[in-house]
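On a predicted model such as this, the values are computed, not experimentally measured, just so you know. No hydrogens, no waters, no symmetry mates; every other heavy atom, side chains included, goes into these values.
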Amino acid sequence: MNGAKSLLQDLDDAIARGTDESRAKALWHATDILITGRYSDDEISTFGEVIGRLAEEIEVAARAQLSELMAACDHAPLNVIEKLALDDEIEVAGPVLRESNRLDEKMLVESALTKSQSHLLAIAQRKSIGEAVTDVLVKRGNQEVVTSVARNDGARFSGSGLLHMVRRAEGDSILAEQLGLRKDVPRHIFQQLISKASEDVRRRLETERPEMMAQIQSSVTELTGDLQSKFGPSSRSYFVAKRVVTTQYRQGNLNQDSISNYARQHRFDEVQIGLSLLSSLPVDVIERALMDRNREMILVLCKALDFSWDTTMSLLFLGAKDHLITARELQDNEREYGRLKIETSRSILKFYQSRKNGAGAETVTGRQPEFQVH
């Protein structure tokens, strides 16, 4: 430590009395010693003081060279890294923004919020990017930045960040395809993405993501074989339920409370018919949503109808095997339900309807579906 302090004193003297050339030599000398040695945190901090002072005295080209060296140094002084990252010149800031593992999320967010698009692009190319940073990139970045971060497998997105990306992908086939290729995009976000994508993008994603497209198609096609109604649409009880619930609907008395009461009484026919009427979706789609082990579809439906969690929970229990759900599964569903947005969920329902319209499907009223919420 005494050696580092002595070096600091010697370099202070060089800064005060030396020429530009001698200061530059002192900078590279201090940098070489730091990179090649092993030091304590206090000693690294001392080097940071030295290098930081010298860096203020050098030209852009020299600062850029320093940035290249510091970006690759796992024990680079934090004050130097931060100063370089916030440099207005992208030649200087770029290397540390792209590569330095000494930059924390707070500093990356600050740079993304205040600096140029070139700075944002450098951040978008990091090996790992957290949600707080990508939230800024997708909102503030230009097309090149957003496309770059969509391609980055090391980037992590929040739910709101993904939704913002979907909105930006409208009319941008390159971004839509890159986003659709990401393995971490949830199914309900993927559904919204392809519902707005061009036919060319859909075809490419069908080739690249056949498993995801198959899941979506199975959610909106006719129910066959494996998934049958508990009572069956051909049963007498079904037609009685249909008549009662349809009358209730026409009189304006079918609402969330009605659905909740039916669910708690395990009246499956009334629930699926009622939900079909309220959402203008075919009964078979409602049935699949209620009984599918993947609860995502019923969560989206309930959110689109602006149902409370209590009502949603009663529908989850109705469709569960033996009407039983583990506490952990229920907590996971509640957390997922809280993250869903009404606008997004309604957009997904519109996509379901468009697919069913193409197949000529009808709701229980015999009309072509038109999305509505009561």
Side-chain angles (χ1 to χ4, degrees), residues 219-223 227-292 295-325 330 333-334 337 340-357 359-374:
S219 294
V220 295
T221 54
E222 292 291 338
L223 196 63
L227 196 61
Q228 296 296 326
S229 169
K230 290 186 177 181
F231 302 104
S234 61
S235 68
R236 184 164 183 247
S237 63
Y238 176 87
F239 289 108
V240 171
K242 178 178 177 181
R243 184 170 61 250
V244 171
V245 177
T246 301
T247 299
Q248 188 180 16
Y249 171 73
R250 288 171 178 166
Q251 292 174 348
N253 296 323
L254 184 65
N255 51 37
Q256 178 178 183
D257 290 339
S258 309
I259 299 297
S260 181
N261 289 333
Y262 286 141
R264 287 183 171 86
Q265 296 170 37
H266 296 168
R267 297 170 67 176
F268 192 89
D269 281 340
E270 284 83 351
V271 167
Q272 65 173 341
I273 293 166
L275 288 176
S276 174
L277 289 166
L278 291 177
S279 66
S280 295
L281 284 174
V283 174
D284 64 312
V285 174
I286 300 298
E287 185 178 31
R288 185 177 186 94
L290 288 167
M291 298 182 64
D292 198 339
R295 315 305 289 165
E296 186 175 355
M297 190 173 174
I298 190 62
L299 294 179
V300 168
L301 175 62
C302 289
K303 181 62 74 168
L305 293 172
D306 199 16
F307 280 179
S308 68
W309 169 245
D310 285 344
T311 299
T312 303
M313 186 166 53
S314 68
L315 293 172
L316 291 172
F317 277 108
L318 176 67
K321 183 179 180 181
D322 299 324
H323 308 303
L324 296 175
I325 302 176
L330 199 60
N333 285 326
E334 183 176 11
Y337 190 68
L340 287 172
K341 304 297 183 184
I342 292 179
E343 179 184 354
T344 305
S345 300
R346 291 179 178 174
S347 177
I348 293 170
L349 284 191
K350 287 181 181 177
F351 172 67
Y352 288 154
Q353 293 163 358
S354 69
R355 303 289 282 195
K356 296 303 290 188
N357 277 335
E362 297 183 350
T363 63
V364 294
T365 60
R367 299 194 306 267
Q368 289 292 331
E370 293 179 3
F371 181 70
Q372 51 191 300
V373 178
H374 300 275

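- Closest of all the heavy-atom pairs between Cys302 and Thr312 is CB-OG1, 3.3 Å.
- Glu287 places a side-chain heavy atom less than 4.5 Å from the side chain of Phe268.
- Considering all non-hydrogen atoms of both residues, Leu318 and Ala263 come closest at CD1-O, 4.0 Å.
- Residues Leu305 and Gln256 are not in side-chain contact: their nearest non-hydrogen atoms beyond the backbone lie 4.5 Å or more apart.
- Here the closest heavy-atom approach between residue Ile325 and residue Ala320 is recorded as CG1-CB, 3.7 Å.
- Ring geometry for Trp309 versus Tyr337: interplanar angle of 30 to 60°, hence tilted.
- With no hydrogens or angles considered, a side-chain donor-acceptor pair links Asn255 and Ser258 at under 3.5 Å.
- The shortest non-hydrogen separation linking Leu315 to Arg295 is O-NH2, 4.1 Å.
- Annotation: side chain of Asn261 is not in contact with side chain of Glu270 (no heavy-atom distance under 4.5 Å).
- Ser314 contributes a side-chain N or O that, together with a main-chain N or O of Thr311, makes up a donor-acceptor pair within less than 3.5 Å.
- Heavy atoms from other residues, nucleotides or ligands lying under 6.0 Å from CD of Glu343 number 12 at most.
- Closest approach of Leu316 to Leu330, counting heavy atoms only: CD1-CD1, 4.5 Å.
- Within the model, atoms CD1 of Ile273 and CD1 of Ile259 stand 10.0 Å from one another, a figure rounded to the nearest 0.5 Å.
- Distance check: Arg288 CZ to Met297 CE gives 8.0 Å after rounding to the nearest 0.5 Å.
- Across Ala289 and Ile298, no two heavy atoms sit closer than the pair O-CB, 3.4 Å.
- If you take CG on Asp257 and CZ on Phe307, they are separated by 9.5 Å, rounding to the nearest 0.5 Å.
- Taking the side chain as every heavy atom from C-beta outward, Leu301 and Ile286 approach each other to under 4.5 Å.
- With values rounded to the nearest 0.5 angstrom, Thr247 atom OG1 is found 6.5 Å from Arg250 atom CZ.
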Residues Glu296, Leu299; criterion side-chain contact (heavy atoms from CB on, under 4.5 Å); working and verdict | CA-CA 5 Å; Glu296 186 175 355; Leu299 294 179; 5.6 Å; no
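- Side-chain contact between Leu275 and Leu281: absent, with no pair of heavy atoms (C-beta onward) separated by less than 4.5 Å.
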